[in-house]
Participant: 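This is the structure, below, for whatever I ask next.
These figures come from a predicted structure and were not determined experimentally.
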Amino acid sequence: MKLLLPELSRVISTPRRTTNVRNSNVNPSLRVVPRLPPGTWSRLRPWIAAWCLGGVLLGLCGCGVKGPRGLDSDAIRDAFRSFQRAVAVGDGAAARELLAAQTLQHYGRLRDAALTATHDELNRQPVAFRYEVLLLRDRLTADELRAHTAITLAECAIARGWINRELIARLRLGNIIHKGDAAEAVMADGDVVTRQRLVFFREGGEWKFDLSATRSIQQRMLERVMDERRLSAKQALQAALDGLITRPFESLWEPLSISAVRRGEPDASETTTPVPVAATVE
């Protein structure tokens with residue numbers, strides 16, 4: 001400060017003098033304030049104005065600075081909006097780039113179950129998983145499904161509109177809770193805030209959406225139908241699939257690989273080594 005304002009530093013360093021109260025009518029509590037040299041204020045005014053303006057600007061800038069979590073939240077919202085745009089136009093490849101590895105692993109498990117899971121094996125899975133497997137068996141033949149990896153199956157599902165585009169378009173992200181390289185966002189359906197959470201993972205420095213985590217929502221919906229209507233799991237699945245499938249409901253409980261043999265198609269499983277789920281995510 002002394003280097004910038006020598007006049008002001010000289011005044012501040014000057015000892016303050018008191019008046020001679022014996023020979024004066026001035027109140028003894030008053031002290032004489034030294035006068036600044038002529039023209040000092042005119043020279044100081046630009047500096048003072050600059051300091052005030054600088055303080056205001058620094059304050060404004062400081063309020064707008066976001067920490068790491070704030071930046072991560074912005075990145076998550078951007079990624080989800082990009083996913084919504086890709087789903088809206090049926091761009092399976094672009095949407096798949098924004099999906100977390102857990103989602104791709106989920107599609108790998110669906111593929112394997114649709115091909116080989118028996119009735120009893122399928123019944124041991126959650127109701128929502130059974131629902132997806134039965135739909136997949138109705139939509140694709142054994143040969144078509146064998147030709148897919150987890151990645152291409154995810155792209156196919158998005159491109160063909162097998163996920164609810166209207167629902168995805170309505171979803172909004174509320175508060176985001178960070179847990180290291182994972183995050184959960186409160187889900188809002190339009191203007192209605194729900195208790196559901198959407199899950200994201202940071203992979204390779206980018207935030208990806210775990211679409212498979214939304215299956216828990218579907219699971220709860222099916223369980224509620226079962227409770228309210230007092231239906232068994234199989235009855236609830238039949239009611240949910242009514243109007244969505246073209247094949248008889250009971251026939252969908254048979255693995256596609258066996259169904260293909262019954263229809264006279266070659267059993268590719270005898271000549272093809274099953275692909276592990278982990279390998280399909282590469």
Participant: I need the S82 OG to D91 CG distance, nearest 0.5 Å.
Facilitator: 11.0 Å
Participant: What's the separation between atom CD1 in I168 and atom CZ in R85, rounded to the nearest 0.5 Å?
Facilitator: 14.0 Å
Participant: Would you say that L136 contacts W162 through its side chain, given a criterion of any heavy-atom pair below 4.5 Å between the two side chains?
Facilitator: yes
Participant: Sub-3.5 Å donor-acceptor pair from the side chain of T194 to the main-chain atoms of M187, do we have one?
Facilitator: yes
Participant: Roughly how far, to the nearest 0.5 Å, is CG of L173 from CZ of F80?
Facilitator: 5.0 Å
Participant: Kindly give the heavy-atom pair with the smallest separation between L135 and I245, and that separation in Å.
Facilitator: CD2-CG2, 4.1 Å
Participant: Please report the closest heavy-atom contact between L256 and R247, naming both atoms and the distance.
Facilitator: CD2-NH1, 3.7 Å
Participant: Does a side-chain heavy-atom distance below 4.5 Å link L244 with D138?
Facilitator: no
Participant: State whether the side chain of Q219 and the backbone N or O of A128 hold a donor-acceptor pair below 3.5 Å, judged by distance alone.
Facilitator: yes
Participant: Any salt bridge (charged side-chain N to carboxylate O under 4.0 Å, His left out) involving residues 115-128? Give me the pairs, sequence neighbours left out, ordered by first then second residue.
Facilitator: none
Participant: If I compare all heavy atoms of V133 with all of A114, which pair ends up nearest, and what's the gap?
Facilitator: CG1-CA, 3.8 Å
Participant: Just by distance, do the side chain of R202 and the backbone of A182 share a donor-acceptor pair under 3.5 Å?
Facilitator: no
Participant: With the side chain counted from C-beta on, respond yes when K208 and L99 share a heavy-atom pair under 4.5 Å apart, and no when they do not.
Facilitator: no
Participant: Any non-hydrogen side-chain atom of R77 less than 4.5 Å from a side-chain atom of I176?
Facilitator: yes
Participant: What's the verdict on side-chain hydrogen bond (donor to acceptor under 3.5 Å, both in side chains) for Q196 and R220, showing C-alpha distance, side-chain angles and the deciding distance?
Facilitator: CA-CA 11 Å; Q196 312 298 336; R220 283 190 286 271; 2.2 Å; yes
Participant: Does M226 CE have over 12 foreign heavy atoms under 6.0 Å away?
Facilitator: yes
Participant: Do I76 and V199 sit in the same hydrophobic cluster, where Ile, Leu, Val, Met, Phe, Trp and Tyr count as joined when their side-chain heavy atoms come under 4.5 Å apart?
Facilitator: no
Participant: Transitively linked via ILVMFWY side-chain contacts under 4.5 Å: F129 with L241?
Facilitator: yes
Participant: Going by the angle between their ring planes, with limits at 30° and 60°, are F209 and F200 parallel, tilted or perpendicular?
Facilitator: tilted
Participant: Quick check: does any side chain N or O of Q84 sit under 3.5 Å from a backbone N or O of L171, one acting as donor and the other as acceptor?
Facilitator: yes
Participant: Any heavy-atom pair between the side chains of T149 and L104 that's under 4.5 Å?
Facilitator: no
Participant: Under a 4.5 Å side-chain heavy-atom rule over Ile, Leu, Val, Met, Phe, Trp and Tyr, are I217 and I177 clustered together?
Facilitator: no
Participant: Give a yes or no on whether a salt bridge exists between D143 and R146, defined as a side-chain N under 4.0 angstrom from a carboxylate O.
Facilitator: yes
Participant: Tell me, with the steps shown, if D227 and R224 meet salt bridge (charged side-chain N to carboxylate O under 4.0 Å, His left out).
Facilitator: CA-CA 5 Å; D227 291 339; R224 186 170 59 190; over 6 Å; no
Participant: Do you know the tightest heavy-atom contact between L115 and A142?
Facilitator: CD2-O, 3.9 Å
Participant: Can you name the nearest heavy-atom pair linking R137 to P255, along with the distance?
Facilitator: NH2-CA, 3.6 Å
Participant: R130 side chain to Q125 main-chain N or O, any donor-acceptor pair under 3.5 Å?
Facilitator: yes
Participant: Is there side-chain contact between D181 and F201, with heavy atoms separated by less than 4.5 Å?
Facilitator: no
Participant: Is there a chain of hydrophobic side chains (I, L, V, M, F, W, Y, each step under 4.5 Å between heavy atoms) that links V89 to L98?
Facilitator: no
Participant: Strictly below 4.0 Å, N to O, side chains only: are D72 and R69 in salt-bridge contact?
Facilitator: no
Participant: Check whether E203 reaches the backbone of A101 with its side chain - one donor and one acceptor, N or O, closer than 3.5 Å.
Facilitator: yes
Participant: Within this structure, what is the CG-CD distance for the pair L122 and E254, rounded to the nearest 0.5 Å?
Facilitator: 12.5 Å
Participant: Would you check if L167 and D189 make a side-chain contact, meaning some heavy-atom pair closer than 4.5 Å?
Facilitator: yes
Participant: Answer yes or no: is there a donor N or O on one side and an acceptor on the other, between the side chain of R96 and the main chain of E155, under 3.5 Å?
Facilitator: no
Participant: So, are K234 and E250 salt-bridged, with charged N and O less than 4.0 Å apart?
Facilitator: yes
Participant: Is there side-chain contact between W253 and T118, with at least one heavy-atom pair below 4.5 Å?
Facilitator: no
Participant: Any carboxylate oxygen within less than 4.0 angstrom of a Lys/Arg side-chain nitrogen, looking at E144 and R139?
Facilitator: no
Participant: Roughly how far, to the nearest 0.5 Å, is the CG atom of D191 from the CZ atom of R170?
Facilitator: 11.5 Å
Participant: Backbone N or O of H148 within a donor-acceptor pair of the T152 side chain at under 3.5 Å?
Facilitator: no
Participant: Are F83 and V186 connected into the same hydrophobic cluster when the rule is that any two of I, L, V, M, F, W, Y join if their side-chain heavy atoms are below 4.5 Å apart?
Facilitator: no
Participant: Judged by modelled atom types alone, do E184 and H178 share a side-chain donor-acceptor pair under 3.5 Å?
Facilitator: no
Participant: For Q238, check side chain to side chain contact (heavy atoms under 4.5 Å, CB included) against everything at least two apart and list the hits.
Facilitator: F249
Participant: For A150 and Y107, work out which heavy atoms get closest and say how close.
Facilitator: O-CB, 3.8 Å
Participant: Rounded at 0.5 Å granularity, tell me how far OG1 in T214 sits from CD1 in I163.
Facilitator: 8.0 Å
Participant: Are the side chain of S251 and the backbone N or O of P248 linked by a donor-acceptor pair below 3.5 Å?
Facilitator: yes
Participant: Could you go through the side-chain hydrogen bond (donor to acceptor under 3.5 Å, both in side chains) check for D210 and S212 one step at a time?
Facilitator: CA-CA 5 Å; D210 185 12; S212 64; 2.5 Å; yes
